[in-house]
Student: 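Before we start, here is the structure in question, set down as structure tokens.
Just so we're clear, the structure is a prediction, and the values are computed from it rather than from any experiment.
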Amino acid sequence: DVGDLARRAPVAKDALEALVASGACDDWGPRRELLWRLGATPRGESAGNGNRQLALPLDPTAETPELPAQTDWERMLADYKHTSISVGVHPMELLRPHLRRVTTSTELHDVPHGARITVAGMAVARQRPATAKGVVFMLLEDEHGQVNLIVPPSVYEEHRAIVRGEPLILARGKFE
């Protein structure tokens, strides 16, 4: 369990907290409860000769309080904070109910050439090759797949900060 891991692992407490917060110990229980137990677990002391003196595996003196379960948003944000990926829910899955008339990557096969559409997703790649005359190529990822964006120089200049740095993008344009 997380208490045994905390007593035996020769790593800093913040490293253990990051493991729990990122979901690496989810099989042992809810993350908030595991973090609470981790904080209440006595850890061994350094014996000075490179060895560790293990702490006695004493049970906590107080019960773990009733902690609210993490929301999907909280779990997803913790995943990205600690691992840069989420093996659970995709951010676009959580945002989708708040987006109106935004085409998903799976719906693109039904869109006619030249139609005006809106897409949204996480920016997973950005390229501005010197040979492309100022054109920026972006790859957006939604909860179903990926969408390529071609950003002309005039749009790039007008929205440079968004194109270069925003993690989530909503883009309107012509489908080709």
Student: Honestly curious: do Leu99 and Met76 fall in one hydrophobic cluster under the side-chain, below-4.5 Å linking rule?
Tutor: yes

Student: Counting only heavy atoms not in Arg164, do more than 12 sit closer than 6.0 Å to its CZ atom?
Tutor: no

Student: So which heavy atom on Val111 is nearest to which on Glu107, and how close?
Tutor: CG2-O, 3.6 Å

Student: Could you tell me the separation between the CG atom of Leu38 and the CG atom of Asp1, rounded to the nearest 0.5 Å?
Tutor: 10.5 Å

Student: Can you find a side-chain donor-acceptor pair between His90 and Glu141 that sits under 3.5 Å?
Tutor: yes

Student: Between atom CD of Glu17 and atom NE2 of His82, what is the distance when rounded to the nearest 0.5 Å?
Tutor: 9.0 Å

Student: Can you pull out every salt bridge (Lys or Arg N to Asp or Glu O under 4.0 Å) where at least one residue sits in residues 24-35? Sequence neighbours excluded, please.
Tutor: Asp26-Arg31, Arg31-Asp79, Arg32-Glu74, Glu33-Arg37

Student: Do Ile169 and Met122 belong together in a cluster built from hydrophobic side chains that touch within less than 4.5 Å?
Tutor: no

Student: Identify whether Leu170 and Val147 are in the same connected component of the hydrophobic contact network (ILVMFWY, side-chain heavy atoms under 4.5 Å).
Tutor: no

Student: Hey, are the side chains of Pro112 and Phe175 touching, using non-hydrogen atoms and a 4.5 Å cut-off?
Tutor: no

Student: Does anything in residues 86-95 pair up under salt bridge (Lys or Arg N to Asp or Glu O under 4.0 Å), and if so which pairs, sequence neighbours excluded?
Tutor: none

Student: Is the shortest distance from a Lys or Arg side-chain nitrogen in Glu176 or Lys174 to a carboxylate oxygen in the other one below 4.0 Å?
Tutor: yes

Student: Test side chain to side chain contact (heavy atoms under 4.5 Å, CB included) on Tyr156 and Arg128; report intermediate values, then the result.
Tutor: CA-CA 10 Å; Tyr156 173 74; Arg128 190 173 186 220; 3.4 Å; yes

Student: For the atom pair OG (Ser154) and NE2 (His159), what is the distance rounded to the nearest 0.5 Å?
Tutor: 9.0 Å

Student: Test: side chain to side chain donor-acceptor pair (under 3.5 Å). Region: residues 108-118. Which pairs qualify, not counting sequence neighbours?
Tutor: none

Student: Please report the C-alpha distance between Leu95 and Trp73 in whole Å, then the side-chain angles of each, then the deciding distance to 0.1 Å, and finally whether the side chain to side chain contact (heavy atoms under 4.5 Å, CB included) criterion is met.
Tutor: CA-CA 10 Å; Leu95 289 170; Trp73 274 103; 3.7 Å; yes

Student: Do other residues, nucleotides or ligands put more than 12 heavy atoms under 6.0 Å from Leu94 CG?
Tutor: yes

Student: Going through the distances and angles, do Leu149 and Val119 end up as a side chain to side chain contact (heavy atoms under 4.5 Å, CB included)?
Tutor: CA-CA 9 Å; Leu149 292 183; Val119 294; 4.0 Å; yes

Student: Less than 4.5 Å apart, side chain to side chain, heavy atoms only: is that true for Cys25 and Trp28?
Tutor: yes

Student: Do Val136 and Leu139 belong together in a cluster built from hydrophobic side chains that touch within less than 4.5 Å?
Tutor: no

Student: Would you say the side chain of Val135 lies within less than 4.5 Å of the side chain of Val151, judging by non-hydrogen atoms?
Tutor: no

Student: Verify whether one side chain among Ser105 and Asp142 offers a donor that lies under 3.5 Å from an acceptor in the other.
Tutor: yes

Student: Would you name the heavy atoms of Ala78 and Ala21 that are closest together and state the gap between them?
Tutor: CB-O, 3.3 Å

Student: Calculate, to the nearest 0.5 Å, the distance between atoms CG and CG belonging to Leu67 and Leu35 respectively.
Tutor: 9.5 Å

Student: Test of understanding: clusters of I, L, V, M, F, W, Y form through side-chain heavy atoms closer than 4.5 Å, transitively. Do Leu168 and Val102 belong to the same one?
Tutor: yes

Student: Test your reading of the model: is there a side-chain donor-acceptor pair from Thr83 to the backbone of Tyr80, 3.5 Å cut-off?
Tutor: no

Student: Starting at CE of Met138, measure out to CZ of Arg126 and round the result to the nearest 0.5 Å.
Tutor: 4.5 Å

Student: Looking at CD1 of Ile117 and CG of Leu108, how far apart are the two atoms once the value is rounded to the nearest 0.5 Å?
Tutor: 5.5 Å

